[in-house]
S.K.: 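Here you go, one structure.
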Amino acid sequence: MNESLLLTAVALAALAATAPRLAQRLALSRAKHPSLTGHSRMAKRVARLVPGYDYDEARFFGSDGAPAAVQQQRRDGFARLAQTLNTRHAKSIALTQQAREGISDLQFTGAYRVPFQYSRYLRQQLSVGGFVQRTDGVFVFDLDGERFYDLTGSYGVNVFGHDFYKSCIAEGSARAADLGPILGSYHPAVAWNVAELKRISGLDEVSFHMSGTEAVMQAVRLARYHTKRKYLVRFSGAYHGWWEDVQPGPGNPLPPGNTYTLKEMDQRTLQVLRQRKDIACVLVNPLQALHPNAAAPGDSSLIDSGRRAGYDKAAYVEWLQQLRRVCSERGIVLIFDEVFMGFRLGSGGAQAYYGVQADMVTYGKTLGGGLPVGVVCGKRALMKRFREERPADICFARGTFNAHPYVMGAMQVFLERLQTAPVQALLADLDTVWNRRAERLNLKLREAGLPVQVANLTSVWTVYYTQPSRYNWMLQFYLRAQGLALSWVGTGRLIFSHNYSEADFDAVCARFVSAGLAMQADGWWWADPQATNKTIRRGVLREMIQHRF
């Protein structure tokens, strides 16, 4: 009897000791997003299981079971589209094909422009040029002299228009010309830039880096150094560069190690932050407000019409305020990753736009005035890289080209112009201007009877589809035929520069609708009345299982 009581007591003691850890683990699991974007280990396992296979010509045009007559419509329309693009952009395409053998990025973007099952046949029939030669206003020109309205945004760099950045680079280079590319010592522009960035960010110190990814790496490294904690929290779907396990899941060979990927705008995430003692910092990418907890959209994943997006500023502000309070209470470093959005939201960046002060902020893209740069601004206590009481305990970070004189010159010009009346006019009332434009395009699309709508966070847009279809990814090529330039992710992200006039925007709207009508006329949006997004996904899953096993 005594032995039994003893065993029971031991068991209860063990349970009591492990219960808090189990509760924490359960809370962490509940704070993860239920999709693969929230479970990076599972996402990597699934990625290893997905087989590579290609549709033949018949399957390419009839993967949704469309009648023979509709498939013939598609064949004829595709032939016309391919002929137009291949002929009109022959020089640009020829150089792209020649260079592809030596540029791995071109091989990747070419293969992942559409869902992989369709990719090989499409690349055999239809080519897209990767080279351009000049810009003017809101236009970019390819090697054939063909003009496009630029909706690529240069991955976020182009906030104020190409001419703005060309002049920033020219004037900044002229300012640094007497010094040249000397490294180690600083051009006087550095001191001016630091003072201005401190004013804009509301923070104490600044460090310069070569890219946005490098800046985020340093911010996280410093947060870990000063908090003596190792884990960072990122939110499901957010992008913060391709380093270590901060881009978890498919696309990164490293398994998750020191990163928790949690749900954004969720009270269970706040509960985890309140309970755990191992979290050094939280990374916030303001772009996620457009599609919380969803990965950056690209047409390569458009196997159905399940993509959705929508921006609720008030709800996102409330979330950031709650996050700020919890981080302050728990000594967690709150980092705003403004590398992509940065000054697109206004001259004070996301902090001013949302009215929330971070502990550290990273900038990049547009801040270099068109040249490569990354910047960390932070509180003095977080930016220090050494401990005087322990001289061997340092947090080392250097880069050979940090604070390059030409970059610093272009940055100074950019920051000076950021406060001028013309630029302030472009930044005035951004939400009203761009929301009204999105509503205008959506109305035109509905009036035309097209199953397409757009959502936006100021001048960053994404396209979503209102009718189940396996061929939405074709729209990017019809848009290109109408003279609209998109980045390789297609309709997943359209990035306008703020210098688009109403006339420019009206022209884009007209071309967008014309592209949709042409695609509709060619039969790509034929709809099986029985089809749903769920049945489409299940059909693709059956295909994969058949090819895998």
S.K.: Any chance you could lay out the side chain to side chain contact (heavy atoms under 4.5 Å, CB included) test for Asp299 and Val114, step after step, and finish with the verdict?
M.R.: CA-CA 6 Å; Asp299 284 1; Val114 303; 5.8 Å; no
S.K.: So do Arg113 and Leu122 actually touch side chain to side chain, heavy atoms under 4.5 Å?
M.R.: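 The answer is no; the side chains never approach within 4.5 Å.
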S.K.: For residues Met408 and Asn193, determine if any side-chain heavy atom of one lies less than 4.5 Å from a side-chain heavy atom of the other.
M.R.: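 In short, these two side chains touch, coming nearer than 4.5 Å.
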S.K.: Mind checking side chain to side chain contact (heavy atoms under 4.5 Å, CB included) for Glu101 and listing every partner two or more places apart, or none if nothing turns up?
M.R.: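 Glu101: no side chain to side chain contact (heavy atoms under 4.5 Å, CB included) contacts found.
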S.K.: Do you see a donor-acceptor pair shorter than 3.5 Å between the side chains of Asn533 and Tyr465?
M.R.: no
S.K.: Give a yes or no on whether Tyr112 atom OH has more than 12 heavy-atom contacts from other residues, nucleotides or ligands under 6.0 Å away.
M.R.: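 12 or below, so no.
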S.K.: Using the six-membered ring of Tyr464, assess whether NZ or CZ of Arg308 lies under 6.0 Å from its centre and within 45 degrees of the ring axis.
M.R.: no
S.K.: Do the side chains of Asp337 and Arg234 get close enough for a salt bridge, i.e. N-O under 4.0 angstrom?
M.R.: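 Result for this pair is no, no salt bridge flagged.
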S.K.: Measure the spacing between CZ of Phe477 and CE of Met474 and express it to the nearest 0.5 Å.
M.R.: 6.5 Å
S.K.: Measure from the side-chain N and O atoms of Gln424 to the backbone N and O of Leu418, and report whether any donor-acceptor pair falls under 3.5 Å.
M.R.: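 Yes, Gln424 side chain to Leu418 backbone: donor-acceptor pair under 3.5 Å.
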S.K.: For side chain to side chain donor-acceptor pair (under 3.5 Å), just list the numbers for Asp431 and Tyr353, CA-CA rounded to whole Å, side-chain angles, deciding distance to a tenth of an Å, and then say yes or no.
M.R.: CA-CA 10 Å; Asp431 289 331; Tyr353 178 77; 2.6 Å; yes
S.K.: Within a radius of less than 6.0 Å around CZ of Arg120, do more than 12 heavy atoms belonging to other residues, nucleotides or ligands occur?
M.R.: no
S.K.: Ignoring hydrogens and geometry, is there a side-chain-to-backbone donor-acceptor pair from Asp304 to Gly306 under 3.5 Å?
M.R.: yes
S.K.: Using modelled atom types only, decide if a donor and an acceptor are shared between the side chain of Gln117 and the backbone of Tyr55 within a distance under 3.5 Å.
M.R.: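 No, Gln117 side chain to Tyr55 backbone: no donor-acceptor pair under 3.5 Å.
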S.K.: Could you tell me if the side chain of Leu367 sits less than 4.5 Å from the side chain of Leu415, heavy atoms only?
M.R.: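 Contact flag for Leu415/Leu367 side chains = yes.
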S.K.: Please, which pairs that meet ring-ring contact (aromatic ring centres under 6.0 Å, His included) have at least one residue in residues 66-100, sequence neighbours excluded?
M.R.: Phe60-Phe78, Phe61-Phe78, His89-Phe148
S.K.: How long is the gap from NE2 on His404 to CE on Met411, to the nearest 0.5 Å?
M.R.: 12.5 Å
S.K.: I need the minimum non-hydrogen distance between Val132 and Leu143, along with the two atoms involved.
M.R.: C-CD2, 4.1 Å
S.K.: Counting N and O atoms only, with roles assigned by atom type, does the side chain of Lys166 sit under 3.5 Å from a partner on the main chain of Thr135, one being a donor and the other an acceptor?
M.R.: yes
S.K.: To the nearest 0.5 Å, how far apart are CG in Leu95 and CG in Asp142?
M.R.: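 Answer rounded to 0.5 Å: 11.0 Å.
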S.K.: Would you find a donor on one side and an acceptor on the other, under 3.5 Å apart, between the side chain of Asn86 and the backbone of Gln125?
M.R.: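 Yes: the side chain of Asn86 pairs with the backbone of Gln125.
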S.K.: Taking all non-hydrogen atoms of both residues into account, name the closest pair between Gly180 and Pro405 and its distance.
M.R.: O-CG, 3.3 Å
S.K.: To the closest 0.5 Å, what do you measure between OG (Ser92) and CD (Gln133)?
M.R.: 7.5 Å
S.K.: Step through it carefully: locate the ring centre of Phe343, locate the ring centre of Tyr363, and say whether they are under 6.0 Å apart.
M.R.: yes
S.K.: Please determine whether a side-chain nitrogen of the Lys or Arg among Glu543 and Arg470 lies less than 4.0 Å from a carboxylate oxygen of the Asp or Glu.
M.R.: yes
S.K.: Taking OH in Tyr239 as the centre, count heavy atoms belonging to other residues, nucleotides or ligands within less than 6.0 Å. Is the count above 12?
M.R.: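 Atom OH in Tyr239 is packed in, count exceeds 12.
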S.K.: Establish, from distance only, whether the side-chain atoms of Asn472 and Trp525 form a donor-acceptor pair under 3.5 Å.
M.R.: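 A donor-acceptor contact under 3.5 Å links the two side chains.
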S.K.: When you measure from the side chain of Arg88 to the backbone of Ala481, do you find a donor-acceptor pair of N or O atoms at a distance under 3.5 Å?
M.R.: yes
S.K.: Looking at Phe340, I'd like to know if the NZ or CZ of Arg493 sits under 6.0 Å from its six-membered ring centre while staying within 45 degrees of the ring's axis.
M.R.: yes
S.K.: If I compare all heavy atoms of Ser127 with all of Leu85, which pair ends up nearest, and what's the gap?
M.R.: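 That would be O-CB, 4.4 Å.
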S.K.: If you compare all heavy atoms of Ala66 against all heavy atoms of Gln71, which two are closest, and at what distance to 0.1 Å?
M.R.: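 Smallest interatomic distance, heavy atoms only, reads O-NE2, 2.8 Å.
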S.K.: Indicate the atoms forming the closest heavy-atom contact of Pro372 with Val407, along with that distance.
M.R.: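 What the structure gives for the nearest pair is O-CG1, 3.6 Å.
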S.K.: Would the distance check show the side chain of Ser459 and the main-chain N or O of Ser497 forming a donor-acceptor pair, the cut-off being under 3.5 Å?
M.R.: no
S.K.: Donor-acceptor pair, Asn442 side chain versus Val454 backbone, under 3.5 Å?
M.R.: yes
S.K.: Are Asp56 and Arg59 close enough for a salt bridge, meaning some N to O gap below 4.0 Å?
M.R.: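 No.
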S.K.: In the structure I gave you, are the side-chain heavy atoms of Trp524 and Leu475 within less than 4.5 Å of one another anywhere?
M.R.: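 Counting from C-beta outward, Trp524 and Leu475 never come under 4.5 Å.
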S.K.: Please table the atom pairs, donor to acceptor, closer than 3.5 Å between any side-chain atom in residues 502-511 and protein atoms at least two apart or in another chain.
M.R.:
| from | atom 1 | to | atom 2 | distance (Å) |
| --- | --- | --- | --- | --- |
| Glu502 | OE1 | Arg440 | NH1 | 3.4 |
| Glu502 | OE1 | Arg440 | NH2 | 2.8 |
| Glu502 | OE2 | Arg437 | NE | 3.0 |
| Glu502 | OE2 | Arg437 | NH2 | 2.8 |
| Asp504 | OD2 | Ser501 | N | 3.2 |
| Asp504 | OD2 | Ser501 | OG | 3.0 |
| Asp506 | OD1 | Arg440 | NE | 3.4 |
| Asp506 | OD1 | Arg440 | NH2 | 3.1 |
| Arg511 | NH1 | Gln482 | O | 2.7 |

S.K.: Verify side chain to side chain contact (heavy atoms under 4.5 Å, CB included) between Trp526 and Gln73, making sure each step is shown before the conclusion.
M.R.: CA-CA 10 Å; Trp526 169 87; Gln73 267 183 282; over 6 Å; no
S.K.: To the nearest 0.5 Å, what is the distance between CG on Leu197 and OG on Ser207?
M.R.: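 It is 10.5 Å, given to the nearest 0.5 Å.
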S.K.: Please tell me whether Tyr118 and Ser63 have a donor and an acceptor in their side chains that are separated by less than 3.5 angstrom.
M.R.: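 Short answer, yes.
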S.K.: Let me confirm one number: the CD1-OG distance from Ile169 to Ser167, rounded to the nearest 0.5 Å.
M.R.: 9.0 Å
S.K.: Knowing that exactly one of Val423, Asn158, Leu427, Val433 qualifies, which makes a side-chain contact (heavy atoms from CB on, under 4.5 Å) with His498?
M.R.: Leu427
S.K.: If you take the centroid of each ring, where Trp contributes its six-membered ring, are Phe108 and Trp488 closer together than 6.0 Å?
M.R.: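 Yes.
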S.K.: Please check if any side-chain donor atom of Gln412 sits under 3.5 Å from a side-chain acceptor atom of Arg175, or the reverse.
M.R.: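 Yes.
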S.K.: Assess, by modelled atom type and distance only, whether the side chains of Thr87 and Gln83 contain a donor and an acceptor separated by less than 3.5 Å.
M.R.: yes
S.K.: So, Glu439 and Asn435: side-chain donor and acceptor under 3.5 Å apart, yes or no?
M.R.: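 Distance-only check fails for Glu439 and Asn435.
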S.K.: Is the number of heavy atoms from other residues, nucleotides or ligands under 6.0 Å of Asp429 CG greater than 12?
M.R.: yes
S.K.: Output, in order, the C-alpha distance, side-chain angles, deciding distance and verdict of side chain to side chain contact (heavy atoms under 4.5 Å, CB included) for Gln419 and Ser347.
M.R.: CA-CA 7 Å; Gln419 304 304 326; Ser347 55; 4.2 Å; yes
S.K.: Just by distance, do the side chain of Gln476 and the backbone of Trp473 share a donor-acceptor pair under 3.5 Å?
M.R.: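 Here the side-chain-to-backbone pair exists.
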S.K.: Are Val216 and Val339 close enough, and set up right, to give a side chain to side chain contact (heavy atoms under 4.5 Å, CB included), and what steps lead you there?
M.R.: CA-CA 9 Å; Val216 177; Val339 170; 4.2 Å; yes
S.K.: Can you see which heavy atom on Thr96 is nearest to which on Gly130, and at what distance?
M.R.: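 Minimum heavy-atom contact is OG1-N, 2.7 Å.
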S.K.: Output yes when a side-chain donor or acceptor of Tyr121 lies under 3.5 Å from a complementary backbone atom of Ala58, and no otherwise.
M.R.: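 No; zero donor-acceptor contacts below 3.5 Å.
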